[in-house]
**Student:** 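My questions all concern the structure below.
Since the model is a prediction, treat every value here as computed from it, not as a measurement. Along the sequence shown, residues carry numbers from 1. One-based numbering, in listed order, for ligands and for the atoms of each.
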Amino acid sequence: MSVPTIREVRAFVVRGGGGDYHDQQGSHWIDDHIATPMSKYPNYRQSRRTFGINVLGTLVVEVEASDGTVGFAVTTGGEPAAWIVEKHLARFIEGAKITDIELMWDQMYRSTLYYGRKGLVVNTISGVDLALWDLLAKWRKEPVYNLLGGAVRDELQFYATGARPDLAKEMGFIGGKMALHHGPAEGEEGLRKNLDILNDMRNKVGKDFWLMQDCWMALDVEYATRFSNIAWNEMGLKWTEEALPPDDYWGYAQLKKNAPKGHLITTGEHEATRWGFKMLLDMECCDIIQPDVGWCGGITELIKITALADAAGVLVVPHGSSVYSYHFVITRHNSPFAEFLMMHPVPDQVVPMFTPLLLDEPVPVNGRLKLDDKPGFGVRLNPECKLSRPYTH
Ligand SMILES: C[C@H](O)[C@H](O)CC(=O)C(=O)O
Ligand SMILES: [Mg+2]
């Protein structure tokens with residue numbers, strides 16, 4: 001059978017939700033006084049948009065094969081990522097056989113080492129990688145999960161991230177994760193407010209529902225140790241997530257030692273590649289790693305990261321990422337459940353995570369989802385979303 005080659009790679013940008021899910025308008029729970037590394041500066045406390053959490057916007061990568069098949073993917077990265085795709089990475093993609101994803105990944109990664117390794121560049125590589133998996137699976141007329149070895153369970157089970165775990169419980173999710181609102185600069189009063197919010201939610205959801213806290217890199221070891229001990233002992237908090245900046249592997253190792261037995265330390269959504277995750281695993285930084293498949297290097301890299309975690313006895317519960325995560329999680333024994341990010345502003349209803357950018361994006365019903373067998377990742381771009389192509393090559 002002759003394998004098509006890649007005729008063209010195209011990079012587009014779009015604003016408002018989509019891959020950059022922080023790029024929201026108006027009032028939204030995801031931007032309501034959430035603790036961040038910038039919370040030490042009072043001017044940047046109330047809204048993450050004030051410090052530029054949404055400056056990048058969404059990147060859409062399309063790859064078109066010589067037989068006309070088109071694969072695509074969305075992630076965060078916007079215009080600078082589009083430049084990297086068009087002006088640098090395209091040379092490794094165009095002309096390659098659509099089956100040679102491992103080779104293309106290696107060339108994209110090695111050629112950008114001098115300015116890449118993590119962050120924007122690896123987000124961009126991830127976007128290209130996901131588009132390549134979509135293309136290959138569409139050409140083979142199979143869902144991506146079949147190419148990854150096939151599903152190991154019938155359906156996915158989800159916890160929900162949002163401001164209303166009480167509503168998430170009614171909607172059938174197995175747990176609810178809230179964003180922390182106050183950072184260490186808000187002192188004892190802020191700590192008390194954080195604990196009161198958690199306590200109030202525990203009273204609403206009852207004692208057995210999983211409650212988790214996302215700290216979005218805002219804390220230090222001392223604060224996170226105090227918080228997780230009180231929150232575990234008094235409110236049964238299941239895990240403390242991303243308490244520290246991602247480069248502080250030493251802090252995470254200490255925090256894991258300081259955390260009460262039974263309480264979980266989780267992190268990794270801003271970590272990238274097998275080497276970054278090897279640091280977290282080797283240094284025993286956490287109980288669960290949470291790579292984002294749109295940021296960590298794509299599916300090609302997540303396969304490697306997950307194998308390392310498996311050998312270390314650590315669970316992999318990817319961050320957000322909708323269908324790009326779902327097709328992976330369903331194929332791994334050490335990914336027993338998935339995250340669903342509630343993108344409704346309140347959030348009192350389930351809406352697709354990348355809304356409004358994708359069509360056919362599946363959502364959990366009663367906290368569960370059976371994946372269908374549509375080719376690729378099974379989603380389409382919404383023609384009503386205005387894409388622009390800022391660069392060509
Ligand atoms: C809610 C968090 O601050 C962030 O916006 C999403 C996240 O980290 C997660 O879903 O995990
Ligand atoms: Mg998180």
Side-chain angles (χ1 to χ4, degrees), residues 17-24 27-39 44-56 58 75-76 123 158-165 168 173-183 194 197-198 201 210-219 224 227-228 237-246 252 255 264-272 280 285-296 315-322 324-326 329 335 337-347 350-355 364:
D20 189 352
Y21 61 88
H22 288 122
D23 189 19
Q24 302 293 337
S27 80
H28 195 293
W29 72 266
I30 209 155
D31 203 28
D32 182 17
H33 199 116
I34 287 173
T36 78
M38 289 294 282
S39 300
Y44 298 107
R45 253 177 222 162
Q46 180 50 40
S47 156
R48 297 197 272 194
R49 277 175 278 178
T50 58
F51 72 74
I53 196 170
N54 59 339
V55 289
L56 290 172
T58 293
T75 185
T76 319
N123 284 13
F158 291 88
Y159 76 87
T161 297
R164 298 295 303 270
F173 289 96
I174 54 171
K177 185 173 82 187
M178 293 189 293
L180 195 77
H181 289 280
H182 306 280
N194 284 334
I197 295 168
L198 191 55
M201 194 49 73
W210 294 1
L211 274 183
M212 294 79 91
Q213 191 81 62
D214 190 315
C215 309
W216 214 74
M217 311 172 273
L219 309 183
F227 175 78
S228 59
L237 183 72
K238 188 172 176 68
W239 76 56
T240 300
E241 174 169 325
E242 218 189 11
L244 309 174
Y252 274 108
L255 176 60
L264 306 175
I265 299 299
T266 73
T267 193
E269 73 186 63
H270 296 103
E271 189 52 85
L280 290 176
C285 292
C286 55
D287 302 283
I288 297 179
I289 57 167
Q290 300 166 304
D292 185 305
V293 67
W295 303 342
C296 73
L315 295 182
V316 180
V317 180
H319 170 249
S321 288
S322 183
Y324 304 111
S325 281
Y326 308 161
V329 168
S335 293
F337 56 92
E339 174 180 17
F340 185 73
L341 243 166
M342 303 286 277
M343 290 318 301
H344 186 274
V346 174
V350 169
V351 296
M353 186 193 153
F354 289 145
T355 194

**Student:** Where is the tightest heavy-atom contact between Trp29 and Ala163, given as atom of each residue plus distance?
**Tutor:**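 That closest heavy-atom pairing would be CB-CB, 3.7 Å.
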**Student:** Could you check which N/O/S atom of Asp214 is closest to the Mg ion (ligand 2)?
**Tutor:**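 That would be atom OD2.
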**Student:** In sequence, state the C-alpha distance, the side-chain angles, and the governing distance for Phe173 and Thr161, and then conclude on side-chain contact (heavy atoms from CB on, under 4.5 Å).
**Tutor:** CA-CA 10 Å; Phe173 289 96; Thr161 297; over 6 Å; no
**Student:** Parallel, tilted or perpendicular: which one describes the rings of Tyr324 and Phe354, with boundaries at 30° and 60°?
**Tutor:** tilted
**Student:** Relative to each other, are the rings of His33 and His182 parallel, tilted or perpendicular (30° and 60° limits)?
**Tutor:** tilted
**Student:** Considering only N or O atoms, set out every pair between ligand 1 and the protein closer than 3.5 Å, with distances to one decimal place.
**Tutor:**
| from | atom 1 | to | atom 2 | distance (Å) |
| --- | --- | --- | --- | --- |
| ligand 1 | 3 (O) | Arg48 | NH1 | 3.0 |
| ligand 1 | 3 (O) | Arg48 | NH2 | 3.2 |
| ligand 1 | 5 (O) | His22 | NE2 | 2.7 |
| ligand 1 | 5 (O) | Arg48 | NH2 | 2.9 |
| ligand 1 | 8 (O) | Asp214 | OD2 | 2.8 |
| ligand 1 | 8 (O) | Glu269 | OE1 | 2.9 |
| ligand 1 | 8 (O) | Glu269 | OE2 | 2.7 |
| ligand 1 | 10 (O) | His319 | NE2 | 3.4 |
| ligand 1 | 10 (O) | Glu339 | OE2 | 2.5 |
| ligand 1 | 11 (O) | Lys177 | NZ | 2.7 |
| ligand 1 | 11 (O) | Asp214 | OD2 | 2.8 |
| ligand 1 | 11 (O) | Glu241 | OE2 | 2.8 |
| ligand 1 | 11 (O) | Glu269 | OE1 | 3.1 |

**Student:** So, Ser321 side chain and Asp292 main chain: donor-acceptor pair closer than 3.5 Å or not?
**Tutor:** no
**Student:** Restricting to N/O/S atoms, is Glu241 within less than 2.8 Å of the Mg ion (ligand 2) or not?
**Tutor:** yes
**Student:** When you measure from the side chain of Tyr252 to the backbone N and O of Leu280, does any donor-acceptor pair fall under 3.5 Å?
**Tutor:**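 Flag not set: sc Tyr252 to bb Leu280 has no pair under 3.5 Å.
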**Student:** Give me the atom names and distance for the closest heavy-atom approach of Met343 to His28.
**Tutor:**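 Heavy-atom minimum between the residues: O-NE2, 2.9 Å.
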**Student:** Measuring from the Mg ion (ligand 2), name the closest N, O or S atom belonging to Glu269.
**Tutor:**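 Closest N, O or S atom of Glu269 to the Mg ion (ligand 2): OE1.
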